[in-house]
Amino acid sequence: MQMTWHHSKLSGGTAAAWQNTGTGPTVVFHHATALGPRCYAPFLSELGDSYHLKALAMRPLWQDAPPPNPRREWDLFADDMIEWIEATQKAPVLAMGHSIGAATTAMAAVKRPDLFKGLVLIEPSGVTRRIRLLLKLLPYRLRQTKGPAAEVLSGPTQWPDLASTFAFYRASKAYRRFDDATLHGLIEALTVPDSAGIKLEYPRNWEAHLYATPPLILPTLKRLTVPTEVIIGKPSLFMDPSIARSLRNSRPDMTFQSLPDYGHLLPLEAPAKVAAAARTALDRLS
């Protein structure tokens, strides 16, 4: 599937969207933290024959975006999505997101339901009320010394070659279910060349900022008025089972598909199976 980059000037910088030439319904896709649109090539390729895919890069991947603002949380990306859709698309559109991309797509749809025809939310991330309250008690800088934010800030961002990068990721528990070929493809999509070899494309300061500012997501998901389908994997730190359970109970009108053999990174881990679930959801919504 041929994908090309398209750029649009917005108030926060120059937005970039990775698009195919499909003639089917338009589907806007929003990616996860630290994973740009290119990381989803195997997943998107499974859908490319049926949809006009437009994978909107979040502002950490815009060439002229400013650094993170400690006073702005994930909803900034929802505002960017709204502005981009208004500037470039014929609304309403189908939208699909993974992790933070699912959460921010939901936020955008709550703010501007008129822009969306239907949503497919894959593992929408966020935290429980207890975790949110605990984080609010900590100063912003201190939050970056705990949990995932601290881990990413202490991790490497450069390697001399792909083999070294592969060895690093192969040792990570987060990628233990990835076969070697899938992991190699992901690493190539995560990195760009630099003078010392290769480096991560996604800025670590943005990654740490997003881990330090997760939203209380359940109220947003409950307020959705746009037809919505949810795809979830096995319970994880990034998708608390209590959130999924409460949403199922409070919104019986939403359709859930469960793929319990896969973790939070399921569109990358099992692109064909997750794309099949996404296709079923998109077909119902369209």
Side-chain angles (χ1 to χ4, degrees), residues 10-16 30-37 39 56-84 97-112 121 123-158 168 172-174 190 199-223 235-243 246 264-265:
L10 303 183
S11 59
T14 305
H30 230 196
H31 59 87
T33 300
L35 301 165
C39 297
L56 176 63
M58 294 181 188
R59 66 167 57 198
L61 294 172
W62 300 357
Q63 292 183 351
D64 57 356
N69 180 346
R71 292 182 294 278
R72 286 304 308 266
E73 300 185 352
W74 293 14
D75 63 302
L76 174 62
F77 297 161
D79 292 343
D80 288 339
M81 175 179 265
I82 289 169
E83 186 179 356
W84 179 81
H98 171 223
S99 189
I100 183 177
T104 51
T105 297
M107 291 175 187
V110 167
K111 290 185 176 187
R112 288 292 305 277
L121 306 180
E123 288 273 303
S125 286
V127 292
T128 61
R129 189 174 301 277
R130 175 178 175 274
I131 297 299
R132 176 70 175 175
L133 289 174
L134 288 173
L135 287 171
K136 279 295 189 181
L137 292 174
L138 297 175
Y140 175 78
R141 289 188 179 276
L142 189 56
R143 286 182 237 160
Q144 295 193 319
T145 67
K146 309 291 182 184
E151 291 178 20
V152 300
L153 288 176
S154 64
T157 60
Q158 283 184 316
F168 173 79
S172 171
K173 291 182 179 179
L190 280 170
K199 66 177 183 178
L200 292 175
E201 182 180 31
Y202 200 101
R204 287 291 203 192
N205 63 331
W206 267 105
E207 188 176 358
H209 168 72
L210 297 171
Y211 283 137
T213 56
L216 179 65
I217 194 60
L218 185 57
T220 296
L221 298 175
K222 286 182 176 180
R223 287 200 303 271
S236 72
L237 171 67
F238 301 101
M239 178 64 179
D240 192 286
S242 67
I243 294 174
S246 180
H264 182 64
L265 298 178

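Rounding to the nearest 0.5 Å gives a distance of 9.5 Å between CD1 of I217 and CE of M239. Remark: M58 CE to T104 OG1 distance equals 4.0 Å, nearest 0.5 Å. Considering NE2 of H30 and CG of D80, their distance stands at 7.0 Å, rounded to 0.5 Å. Summarising the geometry, atom CG belonging to L142 is positioned 11.0 Å from atom CG belonging to L137; distances are rounded to the nearest 0.5 Å. L56 CG to F77 CZ: the interatomic distance, rounded to the nearest 0.5 Å, is 10.5 Å. A distance of 8.5 Å separates CG of L153 from CG of N205, quoted to the nearest 0.5 Å.
Contact of the Y202 side chain with the L35 side chain is not registered, since no non-hydrogen atoms from C-beta on lie closer than 4.5 Å. For the pair V127/L134, no side-chain contact is recorded, criterion being any heavy-atom separation below 4.5 Å from C-beta on.
Atom NZ of K199 has 12 or fewer neighbouring heavy atoms from other residues, nucleotides or ligands inside a 6.0 Å radius. In R130, the CZ atom is not crowded: 12 or fewer heavy atoms of neighbouring residues, nucleotides or ligands sit closer than 6.0 Å.
Contact detail for A15 and W84: the closest heavy-atom pair is CB-CD1, 4.0 Å. Residues R204 and P156 come closest through the heavy atom pair NH2-O, 2.9 Å. The heavy-atom pair separating K111 from D75 by the smallest distance is NZ-OD2, 4.0 Å. Heavy-atom minimum distance, M81 versus A108: SD-CB, 4.0 Å. Between T128 and S242, the shortest heavy-atom distance links the atoms CG2-OG, 3.7 Å. Here the closest non-hydrogen pair linking R143 and L135 is NE-O, 3.1 Å.
Judged by distance alone, the side chain of R112 and the main-chain N or O of D79 form no donor-acceptor pair under 3.5 Å.
Among L190, L61, T157, the single residue meeting the side chain to side chain contact (heavy atoms under 4.5 Å, CB included) criterion with E201 is L61. Looking at I243, L221, T105, T220 one by one, the single match for side chain to side chain contact (heavy atoms under 4.5 Å, CB included) with P124 turns out to be L221.
Salt-bridge annotation for R59 and E83: absent, with no side-chain N of the basic residue lying under 4.0 Å from a carboxylate O of the acidic one.
Every residue meeting the ring-ring contact (aromatic ring centres under 6.0 Å, His included) condition with H209, not counting sequence neighbours, appears here in chain and number order: Y140, W206. Scored by the salt bridge (charged side-chain N to carboxylate O under 4.0 Å, His left out) test, K173 finds no partners at all (sequence neighbours excluded). By the side chain to side chain contact (heavy atoms under 4.5 Å, CB included) test, S99 is found to be paired with A32, S125, H264, residues two or more places apart in sequence or in another chain being considered.
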Set out, in order, the CA-CA distance, both residues' side-chain angles and the distance that settles side-chain contact (heavy atoms from CB on, under 4.5 Å) for H98 and H31, then state yes or no. CA-CA 5 Å; H98 171 223; H31 59 87; over 6 Å; no
